[in-house]
Amino acid sequence: MNVHFFNSIPVIPPSKEIFSRLGQVQGITRITAARRAEVERYISEASALVELRGAALRCNIRSDGETVTIASENNPALKSAALANLLDGCAEMVMFAATAGETIVNAIARDVLGSDVTRAVVFDAVASEMTDAGLDWIMRYWNQELRRENKTLTKRRMSAGYGDFLLENQKIFHALLDLNCLGVTITPQYILVPEKSVTGVAGILSVQGE
Amino acid sequence: MDIRKIMTRRVLVLDGATGTELQKRGMPAGVCPEQWCRDNPDVLKSVHAEYVAAGADVIYTATFGANRLKLDQHGITDVAGVNRSLAELAKESAGKKVLVAGDIGPTGSFVEPFGPLAFEEAVSVFKEQVRGLVEARVDLFVIETMIDIQEARAALIAVREVSKAFTMVTMTFEKDGRTLNGTDPVTALITLQSLGADAVGCNCSAGPAQMLEIIKRMRPFAAVPLIAKPNAGMPVLKKGKTVFDMQAAEFGAFAKKFVRSGVGMLGGCCGTTPEHIRVLRRKLSGAAPVPPCRGSLSALSSARAHVILEGVRPLITVGECINPTGKKALQEDLRQGRVTLARSLAQQQVEHGAVVLDVNAGVPGIDEAKTMRKLIAALSLAVNVPLVIDSSTIEVVDAALRLYPGRALINSISAEKAKLERLLPLAARYGAMFIILPLNDREVPETFLERKKVIARIVKAGQRYGYRKSDMVVDGLVMSVSAHPRAALETMKTIRWASQVLGVNTICGLSNVSFGMPERALMNDTLRALLRKNGLSMVIENPLRKKTRPNRYAADVLRAKDKDALRYLAFCRGLQQKPSQPAAAVKKEMVLSPAEKVRRSILDGNREDIAAVIETALHAGIAPEPLVHDIMIPAMSEVGDLFDKKEYFLPQLIASAETMKIAFGRLEPLLRSDSAPKIRERVVILATVQGDIHDIGKNIVALMLRNHGFSVVDLGKDVAAAAILDEIKKHIRPVVGLSALMTTTMVNMKQVIAAAQQEKLSCRFMVGGAVVTRSYAHSLGAEYAADSVEAVRVAQWLSD
């Protein structure tokens with residue numbers, strides 16, 4: 001099984017999503033021009049600190065409706081009925097991860113200790129949204145790869161830590177995707193470090209043309 | 001067959017989708033397409049034959065994935081053999097009149113610096129494929145469906161190093177108009193056509209309408225024919241199946257629009273069939289090709305951006321800071337193999353307006369070529385602007401140009417014989433632009449007339465390697481006016497002649513001119529203005545330096561009208577003696593009372609001015625305690641209310657909280673000396689529970705609590721239960737706030753609370769965090785705080 005690594009995922013900071021994550025509600029939140037300019041400046045600074053990298057692995061799977069078993073050494077199993085439901089009808093899946101890198105996380109940590117908490121919260125939002133956008137990018141990349149095989153990824157993806165897809169499964173992602181190569185480690189509580197790192201999985205579906 | 005000649009007479013029709021045609025004829029999913037075709041040659045030949053019969057002038061070999069990396073996944077190692085045999089099948093089907101294009105697709109791995117595949121490894125992988133295709137005597141090559149410009153470069157270089165055959169490259173662009181790896185169509189065009197692609201264009205991912213827009217963007221800058229191979233429309237969901245539903249007639253209706261937009265080769269990609277190609281053939285019958293509208297283009301590119309050096313445009317700043325000369329910290333970084341400082345300098349220069357960056361790796365004692373490669377890789381990831389390779393050492397320039405994922409500018413090539421003979425062909429191989437430095441073997445020419453001769457010689461030499469004037473930039477070569485009073489004048493003449501008579505771009509580094517003079521910035525900036533008037537197109541300078549306004553005293557020196565610079569020196573002496581000017585006019589302000597200004601500053605989150613506003617309030621006689629209790633804390637409560645109503649979002653809340661913190665910091669010592677009601681007797685202990693490393697939310701809560709007069713003991717993150725209990729025991733009825741962000745760690749909240757209950761500790765708990773809910777909190781016997789504002793209210797209630 002070959003892990004695909006991406007050293008530099010080109011994502012433009014999704015401004016609308018970042019403002020939304022910071023609590024802006026269209027039509028309700030009043031933001032002065034000066035405050036908006038300040039936030040946008042912080043967004044620009046943050047994006048220069050984000051080093052968005054990723055990894056992805058295509059694998060064969062078997063599912064019994066409750067557990068998805070990956071055809072790999074030791075046949076690791078992902079126990080989740082919700083995941084099995086997402087992957088219903090799929091003989092393969094792609095598991096992937098993205099990380100914003102430690103530079104932005106360190107910058108957030110410095111600022112949040114008191115030097116500039118306002119900037120820290122913006123940096124935090126940028127890092128989170130760009131990492132999510134990194135997963136979107138990886139899915140678009142795979143759809144491009146799969147197109148010639150007349151296949152596509154499921155529209156939805158799932159991440160460990162939601163619903164019955166427990167966070168414990170993240171250790172399988174960390175191992176199979178060899179995330180140490182991206183500088184991402186995992187704690188005994190299955191938290192990825194640096195903290196702006198996320199994993200996801202989507203199924204591969206066959207599609208038929210006319 | 002000379003394809004280039006044919007393309008001057010007619011538009012060539014390319015074939016359509018092959019994969020789907022093979023699937024219709026029984027190719028199962030999941031197999032290696034190339035091996036299946038070898039095992040079922042008649043099926044492949046029937047597909048080729050149908051496209052030939054439909055009128056295709058060019059058919060692609062079924063070798064899209066026939067590279068070592070993809071074949072290896074199926075246990076196939078005979079790369080050359082696979083390519084040769086599949087190309088031979090295409091040749092058999094093509095006959096004498098139809099051309100066969102050796103098809104090279106992506107390896108599936110991004111190439112350094114964007115991915116793990118080393119550049120030379122990528123070139124080697126593609127060369128294996130090319131050799132097999134050459135053995136089968138394909139007529140041309142197509143590098144297609146590329147999303148990584150660096151991989152496209154590697155493939156093109158691989159072809160060029162094995163064969164001189166016509167080679168076209170098509171990239172795949174997404175809905176946002178860029179490849180997945182962030183390259184826009186014009187950037188791709190500039191890079192690929194300068195690297196030697198005979199035709200450039202796009203395929204896949206878009207239907208004809210969308211692809212036509214991409215072609216139109218490329219057209220004004222194309223010096224080569226354009227190619228388009230759109231899908232049969234955009235994929236749509238029909239009865240649970242994804243289909244490309246654009247029928248042949250509708251597809252064919254775009255044919256002439258593509259031709260008018262400069263497409264010289266047109267075919268189809270996903271969803272297209274022989275019928276689509278048949279219709280294209282009919283529509284293109286008799287259509288006259290529209291040749292490229294230019295012979296060359298003066299432009300630079302990076303992987304993700306480009307700079308056009310033609311037409312009316314502002315002076316282009318080339319940032320000069322990534323040059324270790326005289327910079328100890330940068331030298332040390334590079335000696336240690338680090339590029340951190342260079343990255344930071346790159347980002348700063350771009351933020352301050354640099355449109356291109358000069359990169360120099362010249363540090364004594366290091367492997368300059370290796371360092372330059374490292375810098376190119378790092379800077380290509382750090383910034384999007386094109387780079388200038390600042391070296392005259394052949395090995396360094398070679399290493400840089402090979403790896404650089406765009407079209408670079410070489411700084412520089414002089415008339416020194418050795419450099420001309422070696423650097424020019426090297427630059428030509430990679431299609432780089434270059435700066436002409438008017439120096440020869442013997443001396444630095446001082447006058448414009450001497451420089452003109454040298455420049456003309458280099459231009460002529462460049463033209464022998466296929467260079468045009470649009471590929472060259474003349475350096476005005478400025479020397480110090482303190483040693484050469486006419487230096488700037490000669491440079492102005494050189495620039496004027498080069499831009500207006502020779503018709504090339506021009507560049508100049510400013511800082512030499514003022515060496516040995518006072519007020520160097522003034523002299524440099526005045527020179528910039530004078531050179532710009534004479535046609536200067538690019539300037540090498542430090543964009544971080546604050547600019548001054550051009551000055552007539554400096555101008556007179558530069559124009560050699562101030563003998564010995566006496567007037568200028570007198571002017572500079574006068575500058576040094578003048579007292580500093582008064583500050584700029586004070587802004588008109590609304591007339592607010594000092595107390596109201598404090599309130600407004602907190603509401604507005606005015607961290608910059610709050611200290612001064614507090615001082616003003618104190619001087620106005622407002623006592624610290626009412627300032628805190630009657631103005632500041634109510635203001636923060638108002639901020640909290642606005643946040644609750646979503647009229648304020650998080651940055652506004654935090655800015656107000658930080659403003660409050662600064663104000664509090666100033667007033668707190670005064671409050672202690674004042675026998676006022678108690679502040680900071682209410683204690684809140686905060687901790688992110690054991691195993692959890694997330695703390696930004698907790699830290700915001702700490703900030704808000706302190707602003708409301710609480711004494712906060714922040715134990716940090718990943719805090720063991722025992723440590724929390726130990727802290728509780730030090731205080732009287734503290735409030736304890738626990739934070740957890742993950743399902744795996746929130747369980748530790750229960751442990752802490754249970755342990756406290758067991759030891760009968762007198763404290764009250766509140767909990768929060770992304771995964772914590774109100775019902776979970778209540779199940780633990782704790783209060784819940786959804787955010788920092790609620791945390792303050794809960795803490796106040798628990799403390800009362």
Side-chain angles (χ1 to χ4, degrees), chain A residues 2 4-8 10-11 19 21-25 28-32 34-35 38-39 42 44 48 51 91-92 108-109 112-114 116-118 120-122 124-125 137 140-141 144-145 147-152 161 166-168 181 187-191 193 195 206-210, chain B residues 19-20 23 29-30 64-65 73 108-110 112-116 145 147 172 174 178 180-182 204-205 238 241-245 270-271 304 347 351 381-382 604-605 607 643 645-655 657-658 661 691-696 699-700 703 742-745:
Chain A
N2 288 327
H4 291 245
F5 289 102
F6 311 101
N7 281 0
S8 167
V11 159
F19 271 81
R21 185 179 273 262
L22 290 168
Q24 183 195 29
V25 175
I28 298 177
T29 310
R30 299 181 273 121
I31 306 176
T32 62
R35 184 67 61 209
E38 181 189 49
V39 172
Y42 289 157
S44 175
E51 295 156 313
E92 296 177 277
I108 295 168
V112 89
L113 286 175
D116 196 336
V117 185
T118 308
V121 298
V122 177
D124 188 82
W137 184 93
R140 287 206 308 276
Y141 168 81
Q144 178 65 30
E145 284 283 296
R147 190 173 291 131
R148 290 220 166 209
E149 299 175 43
N150 245 8
K151 291 180 179 173
T152 185
L166 300 182
L167 194 66
E168 283 80 346
C181 290
T187 70
Q189 289 75 30
Y190 315 111
I191 298 171
V193 177
E195 61 183 81
S206 287
V207 295
Q208 292 167 43
E210 280 183 358
Chain B
T20 36
Q23 280 154 13
F64 177 80
Q73 292 170 25
S109 194
F110 281 96
E112 71 165 314
F114 308 107
T145 322
I147 56 177
T172 295
E174 301 285 299
R178 291 178 175 265
L180 255 182
N181 214 18
C204 206
S205 273
K238 271 188 180 173
K241 296 178 190 174
T242 299
V243 299
F244 292 94
D245 68 347
C270 298
R304 293 166 179 160
Q347 285 163 346
E351 273 167 38
L381 296 177
D604 293 344
R607 295 158 282 173
F643 182 74
K645 287 190 255 181
K646 313 264 184 253
E647 289 181 42
Y648 268 24
F649 71 152
L650 191 58
Q652 289 161 309
L653 174 74
I654 303 302
E658 288 192 291
K661 179 182 168 186
D692 203 314
I693 55 166
H694 302 96
D695 66 350
I696 189 170
N699 291 348
I700 293 171
L703 173 66
M742 316 300 286
T743 51
T744 48
T745 53

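Keep in mind the model is a prediction, meaning the values are calculated, not measured. Every chain is numbered from 1, with letters handed out A, B, ... down the list of sequences.
With a 4.5 angstrom heavy-atom cutoff, B:D245 does not touch chain A via any of its atoms. For B:K661, the part lying near chain A is the side chain, with the backbone staying farther off; criterion is any non-hydrogen pair under 4.5 Å. For B:I147, the part lying near chain A is the side chain, with the backbone staying farther off; criterion is any non-hydrogen pair under 4.5 Å. Using a 4.5 Å cut-off between heavy atoms, B:P113 touches chain A through its backbone atoms (N, CA, C, O) alone. If you measure heavy-atom distances from A:V117 to chain B, the contacts under 4.5 Å come from both the backbone and the side chain. Only the side chain of B:F64 comes within less than 4.5 Å of a heavy atom of chain A; its backbone N, CA, C and O stay farther away.
B:T744 is listed as a side-chain neighbour of A:E168, based on a closest heavy-atom distance under 4.5 Å. Here the side chains of A:T29 and B:Q652 are in contact, with some heavy-atom distance below 4.5 Å.
Judged by distance alone, the side chain of A:S8 and the main-chain N or O of B:F114 form no donor-acceptor pair under 3.5 Å. Judged purely by atom type and a 3.5 angstrom limit, A:Q189 has no side-chain atom pairing as donor or acceptor with the backbone of B:I693. A:E195 places no side-chain N or O within donor-acceptor distance of the main-chain N or O of B:H694, the cut-off being under 3.5 Å.
Residue with the most contacts toward chain B among A:V193, A:L166, A:T187, A:D124: A:D124 (heavy-atom pairs, distance under 4.5 Å). The candidate from A:V25, A:D116, A:I108 with the greatest count of non-hydrogen atom pairs under 4.5 Å with chain B is A:D116. For the set A:E145, A:Q144, A:E149, the entry with the most heavy-atom pairs within less than 4.5 Å of chain B is A:Q144.
Under 3.5 Å, the side chains of A:T118 and B:R607 contain a donor-acceptor pair of N or O atoms.
Taking the six-membered ring for Trp and thresholds of 30 and 60 degrees, B:F649 and A:F19 have nearly parallel ring planes, at less than 30 degrees apart.
Nearest approach of A:P10 to B:L180, heavy atoms of both residues: CG-O, 3.2 Å.
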